[in-house]
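Each ligand, and each atom within it, is numbered from 1 in the order the structure gives. It should be emphasised that the depicted structure is a prediction, and the values quoted were computed from it without experimental measurement. This chain uses plain numbering: 1 for the first residue, then up along the sequence.
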Amino acid sequence: MTVLVASDLDRTLIYSANALALAGPDAEAPRLLCVEVYESRPLSYLTETAARLLAELGDAAVFVPTTTRTREQYRRISLPGPAPAYAICANGGHLLVDGETDHDWHASVTARLAAECAPLSEVRAHLERTADPVWTRKHRVAEDLFAYLVVERELLPEEWVKELAVWAENRGWTVSLQGRKIYAVPKPLTKSAAMREVARRTGADLTLAAGDSLLDADLLLAADRSWRPGHGELADADWTAPGVTALPERGVVAGEEILREFLKAANPPG
Ligand SMILES: [Mg+2]
C-alpha cells in the first residue's frame, strides 16, 4: 500500500522560536533540533523526538513537504530522513521532483491563474495603496504567484484585514494571516491540487495531511485523513470537517503529535 503524507511545514512540523509555545518547567522542555538557518542565525526547530519520527515516516510513506514557502525558502530547510522525492512549494505553484522544478506543472498552474482570478499586479497595487507604512514592514512577491506583507502585528488594524479579505474574495483571491505575515493568494493556487497530482503520479492508496492555516484548509479537505494543531488560524476559527482531527496540542509539541498520528495511520496495527 502506498501512503502519501502531504504536510504543511511552518507551525505544523517546524517552528520558529516565537512559535514554539513551550509550556512547563524549562528543565523539562523537549530537546530541539534546528532545521533552518537564515542569515547565519537559527530559525526553525522541531523536537528531537519529532526528528526521529519524521525519519521513520520517510521510510513508511511518501512524505511530501507541502508549503507556501518559495522554492528558495524551502531549500533552506534541512529535514531529517530521506530526501523527499516530491515537494510542493509556493502553495502549490511549484512541484519539485527529486529537488528539481517540474516546469510542466508550473505552466498548468499559471494557465489556471490567468483564466480564473484577478492578476497579481492588481492585488499588489491594492496592497501598496492601502497598507499603512506605520505597520507595514515589507511588501513581498513570492515566485511571481502571490503577495505577502510583513507587518507589526500589534499595530495591525483587524478591520483592515477584514476589508482586504472581502476585496480579495471578490477577485478570486484568499487572505491568510500567519504570525507577522499577511498573505494574498489566488484561490486556484492550492496545495490540494498539487497533492492530487503527486497522489496520481505515485498511485497513492491513502492520503494523509496536516496544516494550521487557512491556506491548508483545502489540503486537509482533499486528504483521506488529516490533522490540525491546537494553534493557528484554523484552530482560532474552530475550523473542522469530516476526516479532520483537531489536536489539542499547541506549538512545537503539536508537530510531534502530528507525526505520531501520521505513523499510526501509515502503519496500522496487525
Ligand atoms: Mg503553516
Side-chain angles (χ1 to χ4, degrees), residues 5-21 32 34-36 38 43-47 50 54 57 63-79 84 87-94 140 142-143 145-151 153 161 165 174-187 189-195 208-223 226-241 244-259 261-262:
V5 176
S7 181
D8 174 48
L9 297 178
D10 292 273
R11 297 182 185 222
T12 297
L13 293 188
I14 67 174
Y15 293 77
S16 67
N18 282 334
L20 291 172
L32 301 171
C34 176
V35 291
E36 180 184 22
Y38 179 56
L43 186 58
S44 302
Y45 304 85
L46 38 65
T47 67
L54 185 55
L57 185 67
F63 172 66
V64 185
T66 303
T67 180
T68 303
R69 287 179 175 231
T70 64
R71 288 168 293 171
E72 189 187 339
Q73 291 165 343
Y74 167 70
R75 286 180 174 131
R76 287 202 301 256
I77 306 172
S78 164
L79 292 174
I88 293 165
C89 294
N91 215 59
H94 279 290
R140 288 280 183 266
E143 303 267 23
L145 289 168
F146 61 90
Y148 63 92
L149 304 177
V150 182
V151 299
R153 189 69 187 260
V161 180
T174 304
V175 170
S176 172
L177 179 58
Q178 303 178 36
R180 299 172 59 229
K181 290 178 179 167
I182 302 175
Y183 294 86
V185 176
K187 280 181 185 287
L189 184 69
T190 61
K191 292 180 173 183
S192 57
M195 183 201 74
L208 311 176
D212 68 299
S213 85
L214 278 182
L215 296 177
D216 299 310
D218 65 283
L219 177 71
L220 303 191
L221 292 172
S226 44
W227 291 264
R228 68 148 171 87
H231 62 261
E233 268 181 316
L234 295 177
D236 291 346
D238 258 329
W239 184 89
T240 190
V244 179
T245 302
L247 296 170
E249 288 83 1
R250 300 171 58 84
V252 72
V253 296
E256 204 178 288
E257 205 49 39
I258 286 165
L259 286 165
E261 294 290 339
F262 282 156

Walk me through it: do D216 and K191 pass the test salt bridge (Lys or Arg N to Asp or Glu O under 4.0 Å)? CA-CA 7 Å; D216 299 310; K191 292 180 173 183; 2.6 Å; yes
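Looking at D10 and the Mg ion (ligand 1) together, the shortest N, O or S contact belongs to O. Nearest N/O/S atom of D212 with respect to the Mg ion (ligand 1) is recorded as OD1. Considering just the N/O/S atoms of D8, the one nearest the Mg ion (ligand 1) carries the name OD2.
A side-chain donor-acceptor contact under 3.5 Å links S176 and E233. Side-chain atoms of T70 and E72 include no donor-acceptor pair closer than 3.5 Å.
Here OG1 of T68 is found 8.5 Å from CG of D10. Values are rounded to the nearest 0.5 Å.
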